[in-house]
Amino acid sequence: MNTQKTDIVPLGSLPRPTSGDDLATRVRTALQTGAGVADESAQRLQVAATLDGADVATLDVDLTGVVVSPREAKVARERAASFAPTSREPGTIRRLRVEAHPVTVSGAPVDVLVDVAGVPFEWVEGAQSELGLAPVEPTESAPVTGSARLSVSAAALEQAVERVATQVARGHGLTLTKLDAQFAPAGSNGVAVTVHAQVRKGVLSATVEAGANATVDDALGVTLSDVRATSRNPVVAALLVAARSRVERYEGRRMDLAASLPAGVRLTDVRVEVGTDLVLSARAH
């Protein structure tokens, strides 16, 4: 079983917890610091656990009302890289349930329900009497099973797109003054994104239209089509050329997401639903 130091979730100091309450407290603290949980929402984070020897019989995490920042989480993971393991013992989370109705990620409220079984991990002890938990890739002979569902409102996703577009425009010397993003079904299992934006550069003002379709097949392959980013303003159109070319090279190409999954994670029934909310669901068996 191979893990990297940066994968280790710090759980305080030795000895290892002997009760579910102790483990839940440690996991809650680890999530607060390692998942970039905003201080003002930390009290909403709920964790419950039960232990059975080296295994975690149940681990339930409720992130409802919690606000997290991926940027802060990245900083926390970099700090955890100093953990120097001296011993490891394998274990299994027999049942893991993570839910949020919703959790706010980078300003967007996301509804989450993950219910899986057979998640392998290692108890890791460090040179300075530290204790950590390191995830381990599941195998074909011991696969992870269960289901996952993520849902975000189209309105919230539009706001997230606007934040990203603002940063991209600024990087090209442009100011984003208005943005309208629309999401629609693409094929039987995909999403079409169309963005109309107003940008300004000095005294110049121009309209930008961008979009793409992404469809998902039964084997967890994603294909992009109708990739575009245009403007009638020749100055702005020239600035869009480099950004468009980086995406257009994937036009019509199928990206096999399943190939990047561990052997012990086999997804089926991958569904994309587009309406008032955008919903991604899948099952593992």
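- Within the 4.5 Å cutoff, side-chain heavy atoms of Leu51 are placed close to those of Val56.
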Start with the C-alpha gap between Val66 and Thr104, add the side-chain angles, then the distance that decides, and say whether side-chain contact (heavy atoms from CB on, under 4.5 Å) holds. CA-CA 6 Å; Val66 172; Thr104 301; over 6 Å; no
Under 3.5 Å, which donor-acceptor pairs do the side chains of residues 194-213 form with other protein atoms, sequence neighbours left out?
from	atom 1	to	atom 2	distance (Å)
Thr194	OG1	Arg228	NH2	3.1
Gln198	NE2	Thr207	OG1	2.7

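- Every residue two or more places apart in sequence or in another chain that forms a side-chain contact (heavy atoms from CB on, under 4.5 Å) with Ala42 is listed here: Gln32, Val37.
- The side-chain heavy atoms of Pro85 and Ile8, taken from C-beta on, include a pair separated by under 4.5 Å.
- Using a 4.5 Å heavy-atom cutoff, the side chains of Thr215 and Val222 are not in contact.
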With side-chain contact (heavy atoms from CB on, under 4.5 Å) as the test, would you mind laying out the steps for Met255 and Leu224 before giving the verdict? CA-CA 9 Å; Met255 292 171 281; Leu224 291 182; 3.9 Å; yes
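- Side-chain contact of Thr64 with Asp62: a donor-acceptor pair under 3.5 Å is present, judged by distance alone.
- Within a 6.0 Å sphere centred on CD of Gln43, heavy atoms belonging to other residues, nucleotides or ligands number more than 12.
- For Val144 against Ala284, the heavy-atom pair with the smallest separation is O-CB, 3.6 Å.
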Under the criterion side-chain contact (heavy atoms from CB on, under 4.5 Å), I'd like the reasoning laid out for Arg16 against Trp123: C-alpha separation, chi angles, the key distance, then a yes or no. CA-CA 8 Å; Arg16 213 160 73 189; Trp123 296 102; 3.4 Å; yes
For Asp180 and Glu158, run side-chain contact (heavy atoms from CB on, under 4.5 Å): C-alpha distance rounded to whole Å, both residues' side-chain angles, the deciding distance at 0.1 Å, then the answer. CA-CA 7 Å; Asp180 176 43; Glu158 179 179 13; 3.5 Å; yes
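- Atom-to-atom distance recorded for Ser147:OG and Leu113:CG is 6.0 Å, nearest 0.5 angstrom.
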Going through the checks in order, is the salt bridge (charged side-chain N to carboxylate O under 4.0 Å, His left out) test met by Glu99 and Arg97? CA-CA 7 Å; Glu99 62 183 310; Arg97 182 180 175 89; 3.4 Å; yes
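- With no hydrogens or angles considered, a side-chain donor-acceptor pair links Thr58 and Thr50 at under 3.5 Å.
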